[in-house]
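Data block below; observations after.
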Amino acid sequence: MKYIPIFLLSAFLSLTGVIAYAQEANYDESKVGSYTLPDALTTLDGRKVASKKMWEKVRRPEILKLFEDNVYGIMPRAKIKTCYRILEEGEAFGGKALRRQVEITFSSKVQTRKMLVLLYMPKGVRKSPVFVSPNFQGNATTTDDPSVIASQFSTFERAHQTSRWPYECIIDSGFAVATFHYFDIYFDKDDKLSETVYPLFGINDNSELKDNTGKAIAAWAWGCSRVLDYLLTQKNIDKRRTIVMGHSRLGKTALWCGAQDKRFAMVVSNNSGCSGAALSRRNYGETVSRINKSFPWWFCNRYQSYNADVSALPVDQHELIALIAPRPVYVASAQEDRWADPYGEFLSLREAGKVYALYGLETLQGNAFSSIGEHLWKGNCGYHIRTGVHDVTDFDWQSYIEFANRHLKQ
Ligand code: GTR
């Protein structure tokens with residue numbers, strides 16, 4: 001028998017994989033099917049929520065708990081000792097910014113873990129608004145600034161992903177920005193629970209997780225809040241203008257973080273898709289069953305029980321966005337990112353508007369998308385769909401900065 005060259009075999013296998021993948025996803029709007037969304041404004045015992053007081057006292061806590069128990073899981077709440085150490089400080093961008101690299105050490109009786117935060121702050125600004133945004137590949141991949149220390153688990157070359165991090169523009173707009181490698185908090189692989197923050201809380205193995213214990217997304221969200229803890233100790237950071245922003249799985253993270261941590265004054269979801277901004281009940285692009293099969297370590301174990309019947313989920317993603325109300329929220333989609341269901345992201349934000357309306361805020365209306373590359377901003381809800389693929393672009397960042405400038409009070 002003749003040997004098949006290995007590269008041909010792997011090309012064939014990956015091609016069949018791609019075909020199977022594509023076949024499984026629906027991209028036909030007429031096949032989305034009908035669905036009924038859970039009503040954000042009806043309590044579990046059937047009462048109508050007509051005031052912001054009732055939303056805040058009764059319904060909001062209910063929805064938060066439903067997301068904890070069924071989707072993202074609960075992050076252990078034990079107090080962890082935290083120390084900050086400045087590893088490096090210097091000027092950046094021709095003296096326009098101050099760069100600071102802070103090592104945050106978490107320790108409990110059983111474990112110690114470190115995260116490395118890269119922070120750029122504009123000079124000459126008394127109190128800067130700040131973006132907190134985790135990165136995928138390591139701090140040193142986000143910039144060609146040679147002073148940036150490589151993150152401990154990064155395997156990528158320096159400056160490998162700079163296009164997603166237009167730091168100088170962010171600084172020129174008067175914003176500070178803080179990033180960390182998400183692997184510092186949770187190595188993005190199922191079998192690596194030991195290489196996450198969970199051992200700090202005495203959880204070392206998947207077998208120790210309850211159905212509603214958090215996993216990766218809960219942990220990354222926790223990490224964003226720990227960066228905020230540090231930032232709030234800094235005099236030149238404006239407490240009232242803190243923004244959590246993330247792309248894709250980290251966009252899901254940003255939404256879940258902002259939903260829980262009200263200290264974040266604004267939340268940005270960049271192409272977060274399934275189990276992020278997009279409605280789960282729409283059968284379009286990635287589905288709950290598909291995401292649970294590909295990434296079982298992102299969500300709590302109970303989320304798997306909805307694979308066969310997503311309509312049994314007691315929440316949908318518009319209610320996640322509603323948890324951010326009345327704070328400004330921005331949902332951004334990309335035209336070619338059909339896997340993330342741009343229209344489902346838009347509809348979800350529109351539906352969340354019912355809760356924003358309780359605060360007397362204007363909300364998105366109608367079924368129509370914004371035109372490609374144009375802003376659809378109403379009240380505290382911002383949306384755009386831009387050209388191009390699943391990514392973070394300068395247009396996205398500029399939009400977030402402009403929206404924050406308009407909506408966050410100094
Ligand atoms: C995809 C996943 C999406 C999205 C994306 C990412 O493979 O299906 O839900 O999160 O990864 O994080 O880049």
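Every number for a ligand or one of its atoms is a count from 1 in the order of the listing. From a predicted model like this one, the values you see are computed outputs, not experimental measurements.
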Under-4.0 Å heavy-atom contact with ligand 1, by part of His247 that carries it: neither
Atoms of ligand 1, numbered as shown, that sit under 4.0 Å from any heavy atom of Ile291: 9 (O)
Can I get a per-line list of side-chain donor-acceptor pairs under 3.5 Å for residues 221-231, giving both atom names and the distance, sequence neighbours left out?
from: Ser225; atom 1: OG; to: Asp261; atom 2: OD2; distance (Å): 2.7
from: Arg226; atom 1: NE; to: Asp229; atom 2: OD2; distance (Å): 2.6
from: Arg226; atom 1: NH2; to: Asp229; atom 2: OD2; distance (Å): 3.2
from: Asp229; atom 1: OD1; to: Arg263; atom 2: NH1; distance (Å): 2.7
from: Asp229; atom 1: OD1; to: Arg263; atom 2: NH2; distance (Å): 3.0
from: Tyr230; atom 1: OH; to: Arg100; atom 2: NH1; distance (Å): 3.0
from: Tyr230; atom 1: OH; to: Gln234; atom 2: NE2; distance (Å): 3.4

Contacting atoms of ligand 1, where contact means under 4.0 angstrom from a heavy atom of Ser248: 4 (C), 5 (C), 6 (C), 10 (O), 12 (O), 13 (O)
Enumerated ligand 1 atoms positioned under 4.0 Å from heavy atoms of His390: 5 (C), 6 (C), 13 (O)
Part of Leu250 within contact of ligand 1 (heavy atoms, under 4.0 Å): neither
Which segment of Arg249 sits under 4.0 Å of ligand 1 when only heavy atoms are counted: both
Glu157 CD: over 12 foreign heavy atoms closer than 6.0 Å: no
For Lys252, atoms of ligand 1 separated by under 4.0 Å from a heavy atom: 3 (C), 4 (C), 9 (O), 10 (O)
Proximity to ligand 1 by part of Arg290, non-hydrogen separation under 4.0 Å: neither
From Leu98 atom CG to Leu119 atom CG, the distance as rounded to the nearest 0.5 Å: 7.5 Å
Residue Trp298 vicinity, atoms of ligand 1 by number, heavy atom under 4.0 Å: 9 (O), 10 (O)
Gap between atom CG of Asn26 and atom OG1 of Thr287 - 0.5 Å precision: 10.0 Å
Sequence-distant partners of Lys48, salt bridge (Lys or Arg N to Asp or Glu O under 4.0 Å), two or more places apart: Asp39
Heavy-atom neighbours of Lys210 NZ exceed 12 at 6.0 Å: no
Within 45° cone and under 6.0 Å: Arg338 NZ/CZ vs Tyr27 ring: yes
